[in-house]
Protein chains: 2
Amino acid sequence: MTAESSPTPPTSPTLPLRERKKLRTRQTLIDTALDLFGAHGFDGVTLDGLCEAAEVSKRTFFRYFDSKEDVAMAPTQDLWAAFLDVLETCPADGRRLLALFEDALTEAIGRMPADGWAERVLASRRLAALTPSMDAHGLAFCDRTTRSALAVVERRFTLPGPDGRLHARLALDLLVVLFHRTLDAWVTQPTGHTPDDLVHRLHATAAELPSALTATAGPQV
Amino acid sequence: MTAESSPTPPTSPTLPLRERKKLRTRQTLIDTALDLFGAHGFDGVTLDGLCEAAEVSKRTFFRYFDSKEDVAMAPTQDLWAAFLDVLETCPADGRRLLALFEDALTEAIGRMPADGWAERVLASRRLAALTPSMDAHGLAFCDRTTRSALAVVERRFTLPGPDGRLHARLALDLLVVLFHRTLDAWVTQPTGHTPDDLVHRLHATAAELPSALTATAGPQV
DNA sequence: AGGCTTATGCCACTCAGTGGCAGATTCTCG
DNA sequence: CGAGAATCTGCCACTGAGTGGCATAAGCCT
């Protein structure tokens with residue numbers, strides 16, 4: 001439909017046509033899904049309806065995504081994929097693991113496409129808050145990512161002490177917890193849903209961790 | 001079938017017959033499910049098969065459980081229900097929130113039925129490790145429980161400071177993380193799957209939290 | 001252009017989960 | 001004890017997610 005301005009550049013820096021089509025189909029599916037889910041709710045849209053709107057067969061849908069929940073979670077999943085990628089290459093100076101993870105996630109957020117990613121995350125999270133099965137799916141995905149990240153860390157770094165592996169796992173779990181609380185706050189705020197603000201809030205939430213560890217409670221008056 | 005020895009005690013301390021039957025049906029469903037899932041895998045058992053084995057109609061199954069995953073998660077869910085119950089009544093001396101939660105969970109573990117609960121948890125967790133959809137379901141349930149617990153805490157206790165609510169939520173998230181790592185280790189060990197050992201390991205894992213916060217990593221040699 | 005690889009569409013199928021209704025069981029109160 | 005109300009249960013039909021198989025079409029390579 002919207003033909004590129006340059007018909008056939010001599011040295012094409014882009015991917016081969018087939019790959020570009022796949023990317024576009026995937027993105028169409030994501031955008032259509034977030035649109036429809038936002039309008040009628042997750043359960044108010046059938047896969048058949050979604051596929052018809054996106055002009056693909058149901059069979060094709062399942063070659064791109066594992067489940068109905070999956071397509072709505074794509075923005076977050078892209079982020080964690082980038083996180084793993086950053087973790088794969090970042091240096092291991094003697095910093096604290098948690099700080100290292102925090103910075104890797106910051107870097108990953110920075111790598112997200114500037115056009116519309118934040119909006120898609122926002123739509124996705126708002127949907128998840130209303131849809132138990134989406135929430136469950138997202139949580140499980142984070143857990144799997146945590147395990148992958150732990151594998152990368154074990155392979156690339158030296159974890160001192162007999163409990164080094166446990167410490168790394170706990171640090172990763174902590175990062176996930178911090179990120180989720182950060183997302184909660186970021187999604188809830190009325191305006192200013194930018195990646196930069198997300199990063200800012202991530203560090204702010206992380207700064208509260210020591211207080212959370214020592215926080216006490218008195219009886220209700 | 002197995003009639004009670006005392007036909008009709010004058011002052012019956014037990015629940016009415018109808019309630020007892022319901023309890024028994026529920027427990028039969030759980031035991032049958034864990035048996036069959038353990039033998040053929042979660043996906044190797046259909047609901048129709050499970051219902052036939054438990055001698056109930058599928059319609060009845062869904063009057064007791066929300067989903068196929070739900071029945072296999074019952075042991076853990078019973079624990080968290082008890083946790084909420086303990087939280088509802090425990091005193092709020094000036095202790096740290098995290099310690100308070102840890103003790104409440106310990107108390108909840110102590111309230112679990114001595115006969116077979118540990119075995120059921122073990123079977124349930126081993127299944128969950130092999131079944132993504134069960135894992136997701138369990139994670140989502142923990143998240144919902146965390147929110148319920150936060151509501152109880154906010155209602156019963158005073159949370160000082162503008163970030164008191166965040167601190168409490170983080171402390172609860174931490175407890176869940178600690179519990180999951182504890183379960184990982186407890187399930188993995190070859191023997192000694194007792195509630196007491198679970199409690200012991202919970203405190204041991206919690207003791208590693210400060211180290212996890214400050215842990216560092218060097219480059220791989 | 002022609003053959004090779006890969007993505008897509010279509011069809012039929014299994015299984016989880018739901019709604020409705022009829023019949024059975026338990027509770028309650030006269 | 002017995003009638004009637006309140007539940008609990010079983011059966012049946014139905015929707016919708018997800019899968020496997022196979023034929024076709026589209027992009028790729030030389």
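All values below come from the heavy atoms of this structure, side chains included, with hydrogens, waters and symmetry mates left out.
Rounded to whole Å, the distance from CZ on Arg24(A) to C1' on dT8(C) is 15 Å. Between Asp66(B) atom CG and dT18(C) atom P the separation is 8 Å, expressed in whole Å. In this structure, Glu52(A) atom CD and dA17(D) atom C1' are separated by 17 Å, rounded to whole Å. Rounded to a whole Å, the CZ atom of Arg20(A) is 13 Å from the C1' atom of dC28(D). Asp48(A) places its CG atom 13 Å from the P atom of dG9(C), with the value rounded to the nearest Å. Counting to the nearest Å, the P atom of dT26(C) and the CD atom of Glu19(B) are 13 Å from each other. Straight-line distance from the NZ atom of Lys21(B) to the C1' atom of dT25(C): 7 Å, rounded to whole Å. Rounded to whole Å, the distance from CG on Leu29(A) to P on dG9(C) is 10 Å.
The base of dG18(D) does not come close enough to the side chain of Arg59(A) for any donor and acceptor atom to sit less than 3.5 Å apart. No hydrogens or angles were tested; on distance alone, nothing pairs the side chain of Lys58(A) with the base of dG9(C) as donor and acceptor under 3.5 Å.
Nearest heavy-atom pair, Ala128(B) versus Met134(B), reported as atom, atom and distance to 0.1 Å: N-CE, 3.8 Å.
Within 4.0 Å of Tyr64(A), counting heavy atoms only, lie sugar-phosphate atoms of the nucleic acid but no base atom.
Checking dG10(D), dA17(D), dT8(C) against every side-chain atom of Arg63(B), the shortest atom distance belongs to dG10(D). Proximity note for Leu47(A) (side chain, C-beta onward) versus dA17(D), dG17(C), dA7(C): the nearest is dA17(D). Looking at the side chain of Glu69(B), the nearest of the listed nucleotides dA26(D), dA17(D), dG17(C) is dG17(C). Here dG9(C) is the nucleotide among dT19(D), dG9(C), dG27(D) with the atom lying nearest to any side-chain atom of Val56(A). Comparing dC8(D), dG18(D), dA16(C) by their nearest atom to the side chain of Lys68(A) picks out dG18(D).
Remark: Lys22(B) is not positioned above the aromatic ring of Tyr64(B), lacking an NZ or CZ atom under 6.0 angstrom from the ring centre and at most 45 degrees off the axis.
Relative orientation of the Phe65(B) and Phe61(B) rings is tilted, given thresholds of 30° and 60° on the angle between their planes.
In this structure, His193(A) NE2 and Thr188(A) OG1 are separated by 8.0 Å, a value rounded to the nearest 0.5 Å.
In this structure, Val121(B) and Trp186(B) have side chains that are in contact, with non-hydrogen atoms separated by less than 4.5 Å.
In this model, the phosphate group of dT9(D) is not approached by any side-chain N or O of Thr60(B) to a distance below 4.0 Å at OP1 or OP2.
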